[in-house]
2 protein chains.
Amino acid sequence: MNYSKQREIILRILKENPIHPTADTLYDLVRDELPNVSLATVYRNLNQLAELGMIRKICALDDKVHFDHNLESHYHFICIKCKKVYDVPYDVAPNITEALREHTGLDALAADVLFKGICNHCKH
Amino acid sequence: MNYSKQREIILRILKENPIHPTADTLYDLVRDELPNVSLATVYRNLNQLAELGMIRKICALDDKVHFDHNLESHYHFICIKCKKVYDVPYDVAPNITEALREHTGLDALAADVLFKGICNHCKH
DNA sequence: ATAAAAATGATAATGATTACTATTGTTGAA
DNA sequence: TTCAACAATAGTAATCATTATCATTTTTAT
């Protein structure tokens with residue numbers, strides 16, 4: 001994978017933002033710095049970075065894919081009103097992959113936990 | 001919601017099948033009994049039934065939505081090779097909604113857990 | 001400096017899902 | 001039972017997120 005300014009900026013902006021943006025949202029953010037960037041470039045780079053394990057994809061609702069730069073084990077909470085995705089600490093459900101193996105014999109490569117509800121901001 | 005033969009058959013076939021089918025797969029199954037059914041009807045009914053809480057949607061990969069007639073608390077395992085979705089018992093990660101509240105103060109209306117890996121069938 | 005490989009921007013294509021519309025089916029009351 | 005109001009359907013067009021294509025530009029190793 002060769003260097004590209006586009007990829008560097010995409011990754012930096014994703015890292016700066018705790019909002020777990022979609023490709024579309026990230027496209028808008030990147031365009032502030034790089035007005036001629038193509039939406040295809042954003043998708044291409046996000047998929048490449050995810051493929052390399054440098055970022056993660058989050059399948060949050062039934063529609064758009066969100067992206068997460070945080071590689072540590074953790075989970076997510078999506079607000080069904082504002083659609084924001086929040087991080088949830090690993091401690092909430094630790095060792096579930098081990099529990100899966102004990103209970104079912106299945107080996108999981110990944111465990112995605114997604115809570116759905118209304119965030120504190122939208123409650124008020 | 002008025003009765004319709006289409007909805008009855010769609011729901012019955014979903015209940016008969018443990019495979020967590022997509023709308024597309026279900027469309028094929030329903031057409032065996034009701035050759036003139038429309039794909040739009042399948043989508044419309046699945047969404048209505050999900051809206052009413054009579055079935056559940058599973059956001060499994062980044063692409064298609066799967067449907068689940070099992071309303072009991074349980075989780076899922078998707079095989080990254082054959083794409084089949086298997087049920088995982090609730091015991092593997094019990095009380096995670098309570099754990100979420102204790103750790104974060106957030107109230108979750110739902111908790112979706114999706115393990116990814118290779119199923120025993122595809123391993124051999 | 002340069003040639004090969006990789007990445008880009010622009011846009012067309014894809015594929016899942018939803019919207020639209022004319023028609024048909026269901027329902028509850030007269 | 002009949003009938004009007006309304007819900008649901010089949011068929012198909014439209015939408016929208018994502019991916020593919022391709023000519024051009026950038027990166028990189030020699």
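Below, read A as the first sequence line, B as the second, and so on, with proteins coming before strands; counting in each chain starts at 1.
Taking 4.0 angstrom as the limit, A:Ser38 places none of its side-chain polar atoms (N or O) nearer than this to OP1 or OP2 of C:dT8. Considering only side-chain N and O atoms, A:Gln6 lies nowhere under 4.0 angstrom from the phosphate OP1 or OP2 of D:dT26.
The distance between atom NZ of B:Lys83 and atom P of C:dA16, rounded to the nearest whole Å, is 13 Å. Spacing between atom CG of A:Asn47 and atom P of D:dA17 amounts to 15 Å, rounded to whole angstrom units. Note: OH (A:Tyr43) to P (C:dG9) measures 15 Å, nearest angstrom. The nearest whole Å value for the distance from the CZ atom in A:Arg7 to the C1' atom in D:dT26 is 12 Å. Rounded to an integer number of Å, the gap from B:Gln48 CD to C:dT17 P is 16 Å. To the nearest angstrom, C1' of C:dA10 lies 15 Å from CG of A:Leu34. For the pair B:Tyr27 OH and C:dG15 P, the interatomic distance rounds to 16 Å; values are reported in whole Å. Across the protein-nucleic acid pair, B:Leu39 atom CG and C:dC20 atom P stand 17 Å apart, rounded to whole Å.
For A:His66 (side chain) and A:Ile58 (main-chain N/O), no donor-acceptor pair under 3.5 Å exists by modelled atom type. Proximity of a side-chain donor or acceptor of A:Tyr27 to a complementary backbone N or O of A:Thr41 within less than 3.5 Å is not detected. Using a distance-only test at 3.5 Å, with no hydrogens or angles considered, no donor-acceptor pair links the side chain of B:Asn17 to the main chain of B:Ile19.
Toward the 5′ end of DNA chain D lies the nearest nucleotide of B:Ala40, the other residue of the pair A:Ala40 and B:Ala40 mapping further downstream.
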Tell me, with the steps shown, if B:His20 and B:Asp87 meet side chain to side chain donor-acceptor pair (under 3.5 Å). CA-CA 9 Å; B:His20 305 83; B:Asp87 280 338; 2.8 Å; yes
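Taking A:Asp28 as the reference, A:Arg31 meet the salt bridge (charged side-chain N to carboxylate O under 4.0 Å, His left out) condition, with sequence neighbours excluded.
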Readout for nucleotides 21-30 of chain C: B = base within 4.0 Å of protein heavy atom, S = sugar-phosphate only, - = neither; 5' to 3' it is -----SS---
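If you check every strand for non-hydrogen atoms under 4.0 Å, B:Asp24 touches nothing.
Looking at A:Val92 and A:Phe77, their side chains never come closer than 4.5 Å, going by heavy atoms from C-beta outward.
Between A:Cys119 and A:Cys82, the gamma sulfurs sit at a distance of 2.5 angstrom or greater.
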